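Encoded as structure tokens, the structure appears first; notes follow it.
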Number of protein chains: 2
Amino acid sequence: MATAPDSGKPTAAQALAPDSGNRKASDQSIYESIYEAVLTQRLPPGSRLPEVALSELFGVSRSIIRKALTRLASDHVIEQRPNQMAMVARPDVEETRQIFAARRLVEGEVLRLTAGTLSKARLQELKRLVKDEKSAHQSGRDQDRVHCSMEVHRFLARHCPNQVLGRMMRDLVLRTSIVIALYKSPGMSACFLGDDHARLAELIAKGEGDQAAALAHRHLRALEDLLDLNEADAAIDLARILRPDA
Amino acid sequence: MATAPDSGKPTAAQALAPDSGNRKASDQSIYESIYEAVLTQRLPPGSRLPEVALSELFGVSRSIIRKALTRLASDHVIEQRPNQMAMVARPDVEETRQIFAARRLVEGEVLRLTAGTLSKARLQELKRLVKDEKSAHQSGRDQDRVHCSMEVHRFLARHCPNQVLGRMMRDLVLRTSIVIALYKSPGMSACFLGDDHARLAELIAKGEGDQAAALAHRHLRALEDLLDLNEADAAIDLARILRPDA
DNA sequence: CCGCCATGCGGTGTATACATTTCGGGCTCG
DNA sequence: CGAGCCCGAAATGTATACACCGCATGGCGG
């Protein structure tokens, strides 16, 4: 069989194309390009990332690419196996549940710490993001909506007084995005649950940390419940491979 | 001045010497060697890690060393600044407080999840570690005591049902070890507070997750309070540099 | 016709050569 | 005598060459 048994493994060329114009990119900018592409689901889980292709794309040698890939692997963005091409991570169901549990814990505390500490200008920015997300949702620009939705959470992570926790939350937001792309039911409007984000911004502005944390907890629980996490275990993979007709 | 203004910057040769026998070490083993050396405080904060020296020590080329160093930097074990030698991280006071706060949050949840889930054999191992720590303490083998103390926490992180949280805790334990080495008052018996570890093991065995979390919370708070975190701000550094006599 | 092995290709793993930067010692000039 | 400049040693940054590995292909033999 030429086609892969599991989810597709497209090449990275297309999803990263907008960045190819940046000649002589540093390993930091390459890291961010791939990170962003994975975050916004332009690079779906399982996408292959050949070093040579990337080095030509970004106009640097493989040394730089390898450094960027090593860092991405450390952040659980990609998986690297010996003598094999790196690919965007595909966490299993168990890890997915753990990611959600960890994020509920960390994001809750981040919100408690952040509530009431943001300047007026920062609150403006936050509400701007929420508004942009809503408008993107209403005009059906799904790519933009996902981007803004992620940015809401990343904004809160970035401005948390405890940057150690903030950094953890940043990583968990990315991994959440990956597992949503992996396990979302077809057609679900991922991560747009009513105006949770708007209400969250309101609670953050008013300094209601505990209520913000509780809201985020429900938000993430609802999100997890929307995913196809029941059947899709390793058993399914095996069954589909061994009995492609059924 | 030949002597550095801040804490010492010894070369890495001595602390890593026991590993030099392993010719042709992989980047994974090099990563672990340095990680372990930092964890047990054989490599104090600020230690310099020149790539060429390490490559000769381990008998590999700089490529491998650079990969290991990149990963260590991702885990906040070392700091890498452009065109400068890597050195073991030296978090400032603010980051230190954030590390403790993050660890209280994460370790608390890890203990809640782990309590009551360990097999008899695993509980044996845990109590063995606690006993070894105590005996090392009583015979004054400080190196061994630190090692066992770290291993108690790492053991719990490794066997947490939620491995995403477990991995976070592993990283936080290391960073805690670093800041203890940095800020401990001279002569304090770092991280040996009564029989907290023994009582912790007891609560884990009995499945008392909440009580275990509460104990760890107090344990970590007490540990943080033992550190010199009041004065030692950037102001001190500046004062010492500008007025070496006072 | 089916299955097995050899071989080529495309990928990563590692070492090394060379460019560039930093930092310090020592010379020179004011 | 002191301040500033120059330069070289030693470190990192980058590119590249080559070895090795895995996989797919296609020919060959049963």
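Because the structure is a prediction, the values reported are computed rather than measured. In the text below, chain A, chain B and the rest are named by the order of the sequence lines, each starting its count at 1. The figures that follow rest on heavy atoms only: side chains count, while hydrogens, waters and symmetry mates do not.
- A/S177 has its side chain out of reach of A/V38: every pair of non-hydrogen atoms, C-beta onward, lies at least 4.5 Å apart.
- Atom CD of A/Q80 and atom C1' of D/dG22 are 17 Å apart (whole Å).
- When the nucleotides C/dG13, C/dT22, C/dT14 are ranked by their closest atom to the side chain of B/N83, C/dT22 comes out on top.
- Between the side chains of B/E133 and B/H147, no donor-acceptor pair is found at a separation under 3.5 Å.
- Summary of the strand contacts: A/K67 and A/P82 both lie near DNA chain D, and taking for each the nucleotide with the nearest heavy atom, the more 5' one is attributed to A/K67.
- The separation between A/Q84 atom CD and D/dG22 atom C1' is 8 Å, rounded to whole Å.
- A straight line from CD of A/E79 to C1' of C/dT12 spans 17 Å, rounded to a whole angstrom.
- Comparing C/dT12, D/dT14, D/dT12 by their closest approach to the side chain of A/V52 singles out C/dT12.
- What separates CZ of A/R66 from C1' of C/dA15 is a distance of 12 Å, to the nearest Å.
- Between the C1' atom of C/dG10 and the CZ atom of A/R48 lies a distance of 11 Å, rounded to the nearest Å.
- In this structure, CD of B/E56 is placed 11 Å from P of D/dT12, rounded to the nearest angstrom.
- Contact between the side-chain N/O atoms of B/S63 and the OP1/OP2 oxygens of C/dT14 is not found at any separation under 4.0 Å.
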Verdict with reasoning, B/R71 to A/S74, per side chain to side chain donor-acceptor pair (under 3.5 Å): CA-CA 7 Å; B/R71 292 180 52 197; A/S74 267; 4.7 Å; no
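- At whole-Å resolution of the value, CD1 in A/I65 and C1' in C/dG11 are 15 Å apart.
- In this structure, the nucleotide among C/dG13, D/dT12, C/dG11 sitting nearest to the side chain of B/M85 is D/dT12.
- Residue A/Q28 contributes atom CD, which lies 16 Å from atom C1' of D/dG13 at whole-angstrom precision.
- At a cut-off of 3.5 angstrom, counting only N and O atoms as typed in the model, there is a donor on one side and an acceptor on the other between the side-chain of A/R62 and the base of C/dG13.
- A/R42 and A/Q143 share no side-chain donor-acceptor pair at under 3.5 Å.
- Because its NZ or CZ atom is both nearer than 6.0 Å to the ring centre of B/Y35 and within 45° of the ring axis, B/R170 counts as a cation-pi partner of that residue.
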